[in-house]
Amino acid sequence: SSLTPVTPHRRRTSTRQSVQSFERWEAPGSMSADAARVLVIGPYDLVTTSVGTALAARGFAVGRHPGEATLPAPHPAGGVLLVNLDVPDSTVRVSHAVRAGWSVLVLGRQSVPERTAAAVAAGADAQVSRRAPLDALVDKVGELIAGRPGMSDDERNVWLTVHRTVITEVAAARRQLDLLTDREFEVLQRMERGQKAVEISAEMTVAMSTVRSHIRAILAKLEVNSQQRAVELYRGTRRHAERRARIRSRMSSVGDHRS
């Protein structure tokens, strides 16, 4: 189905014109970001440029937002914010955008479904895989601009279930990590940095047999059968904790700014 362009003209523009139209939003003194019906948050890379070019080719007023700056209010007639989930603190950006009144479409990787799930839990209206054809993404933007739901209730519930599962697994992993002694936790941290048992033994000035005993205890307490799985569990839990800390910090700074 064809989309009704937001700009006055209804014909498709050429690829060259589309690229120029998208890049003009980056130029100093160009039309302000709050005039855009679609803003793209992401690094100025091939993905962001391709998305912006495809949207401009379909007649959307589109611009790129760096992400660090304050997010403008959406267009009076409604606006769509497209968030590349590869940007840092993408879930925080989704949450802020939803509260600001934007319809949010997230662009995620199939290999990292937990990011998309977290974004949906934060209020994202729709999601599209980075591997999806650009036409599918543009059509999804059109649906949101037209005020239609970006996903069905069933699809949203699937993503929310994924998010709850991740939260449950992380909580369980953190409880397991709490079972480690200080020495065992230090050994695990050194394993995560890529150190071998002989290096750990030398740097901690303990016998190899003691290091091996610590490693066996770590695997048993974390209920894994390899050092690699123990490290993966630790990294996943650490990333989640760091992400939550960043979210709390950013939310606190926003509250301080508003007060």
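Numbering starts at 1 and runs along the sequence shown. Model, not experiment: these values are computed from the prediction. Because only heavy atoms are used, hydrogens play no part in the values below, and waters and symmetry mates are left out as well, while side chains stay in.
Taking the side chain as every heavy atom from C-beta outward, Val62 and Leu82 never approach each other to under 4.5 Å. The shortest side-chain heavy-atom distance between Phe60 and Ile145 falls under the 4.5 Å cut-off. Met191 has its side chain within reach of Ile200: a pair of non-hydrogen atoms, C-beta onward, lies under 4.5 Å apart. Within the 4.5 Å cutoff, the side chain of Leu85 has no heavy atoms near those of the Gln127 side chain. By the 4.5 Å heavy-atom criterion applied to side chains, Arg130 and Asp86 are counted as neighbours. Residues Leu219 and Asn225 form no side-chain contact, since every pair of their non-hydrogen atoms from C-beta on lies 4.5 Å or further apart. Side chains of Leu233 and Leu177 form a contact here, defined as non-hydrogen atoms less than 4.5 Å apart. Trp102 has its side chain out of reach of His96: every pair of non-hydrogen atoms, C-beta onward, lies at least 4.5 Å apart.
Between the side chains of Arg99 and Ser95, at least one donor-acceptor pair of N or O atoms lies under 3.5 Å.
Of the possible donor and acceptor atoms, none in the side chain of Ser201 sits under 3.5 Å from a partner among the backbone N and O of Ala197. The main-chain N or O of Gly78 is found under 3.5 Å from a side-chain atom of Arg37 such that the two form a donor-acceptor pair. Using modelled atom types, one side-chain atom of Thr168 and one backbone atom of Arg164 make a donor-acceptor pair closer than 3.5 Å. Using modelled atom types, no side-chain atom of Arg115 and backbone atom of Arg109 make a donor-acceptor pair closer than 3.5 Å. Between the Asp125 side chain and the Val104 main chain, a donor and an acceptor come within less than 3.5 Å of each other.
The number of heavy atoms from other shown groups lying within 6.0 Å of CG (Asp178) is above 12. Heavy-atom contacts from other residues, nucleotides or ligands closer than 6.0 Å to CZ of Arg131 number 12 or fewer.
Here the CG-CG distance, from Leu55 to Leu39, works out to 11.0 Å after rounding to the nearest 0.5 Å. Separating the OH atom in Tyr234 from the CG atom in Leu180 is a distance of 10.5 Å, to the nearest 0.5 Å. How far OG1 of Thr237 is from CZ of Arg235: 12.0 Å, rounded to the nearest 0.5 Å. Taken from NE2 in His214 to CE in Met204, the straight-line distance is 5.5 Å, to the nearest 0.5 Å. In this structure, the separation between CG on Leu222 and CD on Glu232 is 12.0 Å, given to the nearest 0.5 Å. Distance check: Thr210 OG1 to Ile215 CD1 gives 11.0 Å after rounding to the nearest 0.5 Å.
A salt bridge does not link Lys196 with Glu199: every distance from a Lys NZ or Arg NE/NH1/NH2 to an Asp or Glu carboxylate oxygen is 4.0 Å or more. A salt bridge links Glu143 with Lys140; the closest basic N to acidic carboxylate O contact falls under 4.0 Å. Between Arg58 and Asp139, at least one side-chain nitrogen of the basic residue sits less than 4.0 Å from a carboxylate oxygen of the acidic one, meeting the salt-bridge criterion.
Taking Ile, Leu, Val, Met, Phe, Trp and Tyr as members and joining any whose side-chain heavy atoms lie under 4.5 Å apart, directly or through other members, the hydrophobic cluster of Val120 also contains Met151, Trp159, Leu160.
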Side chain to side chain contact (heavy atoms under 4.5 Å, CB included) between Thr181 and Lys221, intermediate numbers included: CA-CA 10 Å; Thr181 66; Lys221 291 178 180 180; 4.0 Å; yes
Steps toward side chain to side chain contact (heavy atoms under 4.5 Å, CB included) verdict (Val40, Asn84): CA-CA 8 Å; Val40 181; Asn84 182 342; over 6 Å; no
